[in-house]
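Chain identifiers are assigned alphabetically (A, B, ...) following the order of the sequence lines, protein sequences preceding nucleic acid strands; residue numbering begins at 1 within each chain. No hydrogens, no waters, no symmetry mates; every other heavy atom, side chains included, goes into these values.
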Amino acid sequence: MVVRERRLRWPIPANFEAMLRLQTVHRVARRAKYILITLDSGTLILHLGMSGSLRLLAAGVPPRAHDHWDIELDSGRLLRFHDPRRFGSLLWTESDPLEHPLLAKLAPEPLSAAFDAEYLYRATRRRAVAIKQLLMNSQVVVGLGNIYASEALFHARISPRRSARRLSRAQAEALVRSIKDVLAEAIKIGGTTLRDYVDAEGTPGYFAQRLYVYERAGEPCRVCKSPVKQIVQGQRSTYWCPACQR
DNA sequence: ATGGGCACCTGGCTGC
DNA sequence: TGCAGCCAGGTGCCCA
């Protein structure tokens, strides 16, 4: 392993590279947006933050700006982490990664059976916060970022401003359905490339073409033609159609 | 327990 | 052309 920049969200310790030498990869998994790579003696926990990407590159490809670390594989190929904003992270644990403080209290995966209408309905009771913000709370559901929270609410025809506790059972059902559909569809076509997101092969995702409201402020709603609105909730932009969403 | 606000950082775009 | 200001795909932490 080669580390060129240790100042990620949490600094990469000086002995990190030494620890990883000659270890075998046993398993690659994911929990929420954390990528888990299990080696002989522990597990790498990595996160891409907002601007991070991982690429699998041929041996010897010279690093560019913001290429913060490489892991060299037996084949000579390089697993390279690139992250201009340095919001990403790389951590190491020698115990069960799911017990790591950052992962231990995470809510169910949105595409799992545990995330169903009953679960969401219960999770929204007594919560005054706007439903959009609740959807981005990793103690309620993980994996929903700013894009897909807006999109899922649009498809469920629910106002992002609606207080979570005012969700009806039917709305909870519609919302769970929309979340699963939006995420499954986005994954199928490689995610959303707005500026520079690319997958491990450097290929962009095409979900941006399927966005109904995100980054479409002032443009006509794809369903009813009235202008898409942009508001700020919890310091994040939310996009929605006040005519379609109630 | 809950909610709100701040922090971390760089780059790209807009408007003067 | 330069520069200030604003905005951005996330999420942990601190405070009330």
Nucleotide [N], atom [atom2] - distance to [atom1] of [X] in whole Å:
X      : N      : atom1 : atom2 : value
A:Q235 : B:dC8  : CD    : C1'   : 14 Å
A:D83  : B:dT10 : CG    : C1'   : 9 Å
A:L8   : B:dC9  : CG    : C1'   : 11 Å
A:M50  : B:dC8  : CE    : C1'   : 11 Å
A:F87  : B:dT10 : CZ    : C1'   : 8 Å
A:K132 : B:dG4  : NZ    : P     : 13 Å
A:R6   : B:dC9  : CZ    : C1'   : 19 Å

Does one side chain, of [X] or [Y], offer a donor that lies under 3.5 Å from an acceptor on the other?
X      : Y      : result
A:S150 : A:T238 : no
A:S159 : A:Q245 : no
A:T192 : A:Y206 : no
A:D67  : A:H82  : yes

### Query
Can you tell me if CZ on A:R166 sees more than 12 non-hydrogen neighbours from other groups inside 6.0 Å?
no

#### Entry: Whether over 12 other heavy atoms sit under 6.0 Å from A:D74 CG
no

### Query
So, is A:R127 close to the B:dG3 phosphate, meaning a side-chain N or O under 4.0 Å from OP1 or OP2?
yes

### Task
Indicate whether OP1 or OP2 belonging to B:dG11 is found under 4.0 Å from a side-chain N or O atom of A:H66.
yes

### Message
Rounding to an integer number of angstrom, what distance separates C:dC6 and B:dC6 when you compare their P atoms?
### Response
15 Å

### Query
Do A:F154 and A:L211 pass the side-chain contact (heavy atoms from CB on, under 4.5 Å) test, and can you show the C-alpha distance, the side-chain angles, and the key distance before you say yes or no?
CA-CA 10 Å; A:F154 174 81; A:L211 296 174; over 6 Å; no

### Query
When you match A:G234 and A:R125 each to their closest nucleotide on DNA chain B, which lands nearer the 5' end?
A:R125

Tell me what [X] touches on the nucleic acid: a base, only sugar-phosphate, or nothing, going by heavy atoms under 4.0 Å.
X      : value
A:S51  : nothing
A:R86  : sugar-phosphate
A:L102 : sugar-phosphate
A:L194 : base
A:Q230 : sugar-phosphate
A:Y214 : sugar-phosphate
A:F207 : nothing

### Summary
Intra- and inter-strand pairing of DNA chain C, written as dot-bracket with Watson-Crick and G-U pairs under 3.5 Å and | for the latter, reads .|||||||.|||||||

### Query
Does NZ or CZ of A:R169 lie under 6.0 Å from the centre of the six-membered ring of A:Y121, at an angle within 45° of the ring axis?
yes

#### Entry: Validation row, ring centre A:Y214 to ring centre A:Y148 under 6.0 Å
no

Side-chain atoms of residues 139-147 of chain A: list all donor-acceptor pairs with protein atoms under 3.5 Å, sequence neighbours left out, distances to 0.1 Å.
residue	atom	partner	partner atom	Å
A:N146	OD1	A:K132	NZ	2.8
A:N146	ND2	A:S237	O	3.0

### Query
Which nucleotide span of DNA chain C, 5' end to 3' end, has atoms closer than 4.0 Å to non-hydrogen atoms of chain A?
C:dA8 to C:dG12

